[in-house]
Undergrad: 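Encoded as C-alpha cells, here's the structure I'll be asking about.
Throughout, a chain's letter reflects where its sequence line sits, starting with A, and its residues are numbered from 1.
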Amino acid sequence: MQQPRMTKTDFLGNWTSQVLKGMLPLIVLFLLKKKTLYGYEMIQEIRTVFGIDVAEGTLYPLLVRLLKEDQLSSQWVEQPSGIPRKYYSITPTGKKSLTAMQTYLPGLLSKIN
Amino acid sequence: MKPIQFTDNSCQRVYDAYMLRCKRATRILSAPDSEEVMMEINSHIFEYMSEHPASPEMKTLLDILDRLGAPEDTLRDLVADKKVKQATTTYSPLHVLQALALNIGNGFIYILLSLLVLLLITFPVLAVLKIVVPDNVGLFTGDTRGFRFGFSDHPERHHEWLGGWFIPVAVAIALLLYYTIILLFKWTRRIKQKKISLRTSLVTLLLTLGAFNGYSQKVTGDWQGKLKAGAIELRIVFHVVSAGDGYSATMDSPDESAYGIALSAATYRHDTLRLELQSLQIVYTGVLRSDSLIAGTFKQGPQSFPMTLSKQTTALLPVKRPQEPAKPYPYREEDLYFTNQRDHIDLAGTLTMPNKGTNFPAVVLITGSGPQNRDEELLGHKPFLVISDYLTRNGIAVLRFDDRGIADSKGVFSTATTLDFSYDAEAAVDYLKGRKEIDPARIGLIGHSEGGLIAPMIAARSKDVAFIVLLAGPGLRGDSIILLQESLIEKVSGMADSDLQKTDELSRGALAIAAGPGDRAQIGQALQQYFATRLPDSNGSASRIRQLTSPWMHYFLTYDPVPALEKVHCPVLAIGGDKDLQVPAAIDLAIIKNALAKAGNQHVTTQVLPGLNHLFQTAQTGSPNEYSQIEETFSPTALTLIGNWILQLKH
C-alpha cells in the first residue's frame with residue numbers, strides 16, 4: 001500500500017499550529033497586561049483578538065505553568081451565581097518577560113524579511 | 001464546590017458523570033489542589049453554559065465537555081506535574097513514589113530515577129541486615145575483585161573495615177542518594193516544561209481518537225424502545241450507523257407503520273447518544289449504560305417522556321396482533337405489588353377483575369422459561385394479556401406478574417431456579433387470598449411451559465390452590481425435554497438424518513455433563529474439555545457453556561415433574577398442541593396423566609389440541625421460527641376450553 005504523501009498544506013498547517021503554540025505564552029501575557037481574565041474569557045478573547053481557537057486542554061496546562069514560573073498570579077472571585085471565577089493577572093516578572101518577548105520577535109522577523 | 005444545576009435530568013447525569021471522572025483523575029492530588037482543579041473546570045462549564053442560553057442544554061453541555069476532552073487525558077499532565085511539585089516541596093517518600101509512578105511514562109530520565117530509588121532502598125536494608133547478621137555485612141577487602149560493600153557469604157576470607165560504623169555509613173549513603181534523586185527531579189522538571197504544551201495536545205488527540213473508535217461499535221445497531229404517552233404505547237426503533245467520522249440514524253415507528261425516517265442529526269459523545277428529527281421537533285438523548293441498554297428521554301416539542309432503549313438483534317417487522325385488547329377494557333385493571341416473603345422480593349403485577357360482582361374465581365398466570373414480563377411477552381406476542389383479557393371478560397379474576405428481576409419486579413433473574421419461581425407464584429396466591437373481591441376457595445394456577453412445572457409444585461405443597469391448568473407443561477425430565485425438542489425442531493427445519501444424529505449425540509453428552517455431579521466450576525471445566533475435543537473449530541461454545549452451567553439450567557435438567565404431580569389432588573386441566581415441538585403433547589400429557597392417576601386424582605382432564613404449537617397458536621409446522629410470523633397469539637378454541645373448564649368447577 002502506498003503511503004499518503006504529506007502535501008504542502010499539511011506541512012504549512014503543522015508549521016502554523018506549532019508557531020501559534022509557541023506564541024501562546026506571549027498572547028496570554030499580552031492579553032493579561034490589558035486586563036485580568038478568567039480561563040473561559042481568555043479563550044474567547046484569543047478567538048476575537050487573534051482569530052485562533054485554543055483548546056481548553058492546551059490553555060489550562062499553560063496557565064498552570066505560567067503560574068508556577070511566577071509570570072501570572074490568580075485569584076478566585078465570588079460570583080452572584082455561586083460559582084466563582086478564577087481570574088488571572090500578570091505579575092511584574094510577567095511584564096518584564098512580555099517586554100523582552102515583544103522586542104525579541106520583531107528582531108527575529110526583520111532578519112527573515 | 002457548588003455544582004451546576006441543570007433543568008434536564010439527563011444533562012445532570014452527564015455532568016455528574018463527567019465531574020466524577022475529573023474527581024477520579026485528580027484523586028491523587030492533595031485535597032486543596034484537587035478542589036482547585038475541579039473548581040476551575042466547573043467554572044469553565046458554567047461560563048460556557050451561561051454564554052449559550054438559547055441552544056438546547058444537552059447540545060451545549062456536550063459541546064463544552066467535548067472541548068474540555070476526556071478528564072483522564074486533559075488532566076494527566078497537570079496532575080503528574082502537580083504531584084512532582086508536591087513531592088519536591090514536602091520530601092515525603094510516598095509523594096516521591098507516586099510522582100515516579102505517574103511520570104514513568106514520560107521518559108527515560110524517570111526510568112533512571114526509578115532505578116536510583118531501588119538502589120536507595122538497598123542501603124537501609126543493609127543497615128538492618130548488619131544488626132541481624134553482623135559478621136556477613138560490612139565493607140570487605142581481600143577478595144580478588146577489590147572491595148565489596150554489602151553482603152558476603154564467606155566473611156572469614158575477607159577483612160572487614162567498618163565494624164560498628166557500617167550502619168551510620170549506610171544511612172549516610174542512603175540520604176545522599178535521596179537528595180540526589182530530589183535534585184534530579186527538579187532539574188528534569190525544568191527541562192520537561194520546555195516541551196510540555198506541544199506534547200500535551202498530541203497525547204490528548206491520540207487518546208481521544210482511540211477512545212472514540214472503541215466506543216463507536218457499541219452505539220451502532222438497532223435500538224428499540226417504547227414510548228408511553230398516557231394510554232398510548234408506541235414502539236420506536238432507532239437504527240444507528242457509522243457515517244464518516246460521526247453517525248447517522250433512521251427511525252421506525254412500527255405501530256404507526258412508519259419506517260426508515262431519516263433523522264436530521266445523530267451524535268455520540270461522552271457515552272451520550274443524541275438523535276434529532278428537526279421536522280417533527282423530536283430529540284432523543286440517552287446515556288449508554290451497557291452494550292445493550294440506553295437510558296434516556298424522548299422529547300417531542302414541549303413534551304418529554306422517559307424512554308429506555310434496548311439493542312435489537314433481529315429486525316422488527318410490522319406485525320398485527322388482532323387478539324390484543326384495546327382500551328378501555330370492560331373490566332377493572334389494577335397494577336399492584338406483592339411480596340415473596342420467603343425471599344424478600346417485591347413483585348409487580350396486574351390484577352384484572354369483572355366490573356360488577358364479588359367472590360370471583362381467580363387464577364395466577366405463571367410464565368414459561370426465560371425472562372418475561374407479566375404479559376409473557378415474546379416475539380411480539382403477549383399471550384398472558386390475551387388470556388387474562390378473555391378470562392376476565394368471562395367472570396374470572398386474573399393476576400399476572402413480571403418475573404423477578406424483570407420489568408418492575410425486584411430481585412435477580414439470572415440466579416433463580418424453577419423452584420425459586422414457584423415461591424414467587426405462591427406469593428401471588430397468598431396475595432389473592434387477602435383480596436376481598438376474590439373467593440379464597442377458588443384460586444387456581446395457570447402455568448405455561450415451565451409454568452406447567454411450577455403449578456404442580458405449588459399445588460403439591462399448598463392447600464390454597466383450588467385447581468391448576470397446565471398449558472404445554474412438561475411430564476418428562478428437563479434433559480429429556482431439551483433433547484427431544486432439539487431433534488424435533490431440527491427435523492422440521494430440514495436437517496438431514498445423519499446430521500441430526502450427530503448433533504443429538506453431541507447434545508446428549510453435553511447435557512449428561514451439565515446435569516451431572518460437581519459444582520458449577522467443575523461442570524464448566526468438564527464442558528470446556530468436552531466441546532474442545534468434539535468441536536475443535538467452533539468458537540461459540542463459551543456462550544453455550546455459560547447457558548448450560550446456569551443455576552436455572554442445572555435445576556431444570558435434573559428436575560423430574562412426576563413426584564410433584566403424584567401429590568396433586570386438586571382438579572387439573574392439562575392441554576397441549578399436537579404441533580408443539582418444544583414440549584411434545586402426546587408424550588408429556590401421557591406422563592402427566594399417569595402420575596395424577598397414581599395420586600388417585602379423579603378430576604383430571606387432558607387434551608391434545610390439533611393444529612396448535614407450543615404457544616397455542618394455529619401453526620403450520622410448529623417450529624419456533626413461525627411464532628412471530630403468526631398473527632394469532634392464542635387459539636380461541638384453547639381459550640374457550642380453559643374458561644369453560646374453570647367455570648364448571650364446583651364451588
Side-chain angles (χ1 to χ4, degrees), chain A residues 10 13-29 36-48 52-88 97 101, chain B residues 1-5 22 29 32-33 35-52 63-82 84-85 88-89 186 189-190 192-205 207-208:
Chain A
D10 277 339
N14 278 342
W15 179 79
T16 314
S17 72
Q18 279 179 43
V19 168
L20 290 176
K21 220 151 256 165
M23 292 289 283
L24 205 53
L26 170 60
I27 289 172
V28 167
L29 290 173
T36 61
L37 296 166
Y38 52 95
Y40 176 72
E41 201 182 13
M42 207 178 298
I43 287 172
Q44 303 291 94
E45 281 286 308
I46 294 171
R47 191 178 300 139
T48 44
I52 304 166
D53 199 6
V54 184
E56 282 79 350
T58 311
L59 183 70
Y60 281 109
L62 172 70
L63 290 176
V64 170
R65 176 158 72 92
L66 293 177
L67 277 177
K68 255 188 320 204
E69 294 186 343
D70 197 30
Q71 307 289 323
L72 304 181
S73 62
S74 70
Q75 195 185 3
W76 283 100
V77 179
E78 282 301 330
Q79 298 296 313
S81 62
I83 294 166
R85 290 170 179 166
K86 189 181 183 180
Y87 276 95
Y88 292 87
S97 311
M101 288 159 128
Chain B
M1 189 193 79
K2 188 188 166 186
I4 306 172
Q5 297 298 322
C22 290
L29 296 179
D33 277 354
E35 177 78 5
E36 173 109 13
V37 173
M38 294 282 292
M39 268 171 77
E40 191 153 23
I41 291 169
N42 195 47
S43 156
H44 195 95
I45 297 171
F46 179 78
E47 298 298 340
Y48 187 88
M49 297 298 300
S50 336
E51 285 267 311
H52 300 81
D63 281 345
I64 185 57
L65 295 188
D66 225 24
R67 286 193 58 99
L68 283 169
E72 296 78 14
D73 306 334
T74 311
L75 300 175
R76 195 170 151 268
D77 283 278
L78 212 138
V79 168
D81 227 50
K82 281 217 172 197
V84 172
K85 181 180 150 211
T88 47
T89 49
K186 287 188 168 175
R189 202 155 52 94
R190 223 169 295 148
K192 196 168 75 88
Q193 271 165 3
K194 292 185 179 155
K195 345 176 193 161
I196 198 165
S197 58
L198 179 69
R199 211 173 50 76
T200 305
S201 53
L202 261 177
V203 167
T204 315
L205 184 72
L207 288 177
T208 323

Undergrad: With distance as the sole test, does A:Lys86 use its side chain to make a donor-acceptor pair with the main-chain N or O of B:Met39 at under 3.5 Å?
TA: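 Judged by distance alone, no pair lies under 3.5 Å.
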
Undergrad: Less than 4.5 Å to any heavy atom of chain A: does that hold for the side chain of B:Tyr48, its backbone, both, or neither?
TA: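 Answer is both: backbone and side chain atoms of B:Tyr48 are under 4.5 Å from chain A.
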
Undergrad: So which atom in A:Glu56 and which in B:Ile64 form the shortest heavy-atom distance, rounded to 0.1 Å?
TA: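 Nearest heavy atoms, A:Glu56 then B:Ile64: OE2-CD1, 3.8 Å.
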
Undergrad: Where does A:Pro25 contact chain B at under 4.5 Å (heavy atoms): side chain, backbone, both or neither?
TA: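 No part of it gets close to chain B.
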
Undergrad: To the closest 0.5 Å, what do you measure between CD1 (A:Ile43) and NE2 (B:His44)?
TA: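 A:Ile43 CD1 to B:His44 NE2: 4.0 Å, rounded to 0.5 Å.
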
Undergrad: So for A:Ser17, is it side chain, backbone, both, or neither that comes closer than 4.5 Å to the heavy atoms of chain B?
TA: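 Neither part.
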
Undergrad: Under 4.5 Å from any heavy atom of chain A, what part of B:Ile4 do you find: side chain, backbone, both or neither?
TA: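 Contact with chain A: backbone and side chain both.
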
Undergrad: Mind checking the OH-CE spacing from A:Tyr40 to B:Met49? Nearest 0.5 Å is all I need.
TA: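 One gets 10.5 Å once the value is rounded to the nearest 0.5 Å.
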
Undergrad: Which residue, A:Arg85, A:Gln79, A:Gln44, forms the side-chain hydrogen bond (donor to acceptor under 3.5 Å, both in side chains) with B:Glu47?
TA: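 In the set A:Arg85, A:Gln79, A:Gln44, the residue that makes a side-chain hydrogen bond (donor to acceptor under 3.5 Å, both in side chains) with B:Glu47 is A:Arg85.
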
Undergrad: CZ of B:Arg67 to CG of A:Leu59: how many Å apart, nearest 0.5 Å?
TA: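 With rounding to 0.5 Å, CZ (B:Arg67) is 10.0 Å from CG (A:Leu59).
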
Undergrad: Quick one: pull up OH in A:Tyr60 and CG in B:Leu68 and give me the separation to the nearest 0.5 Å.
TA: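 Answer for the OH-CG pair, A:Tyr60 versus B:Leu68, is 7.5 Å.
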
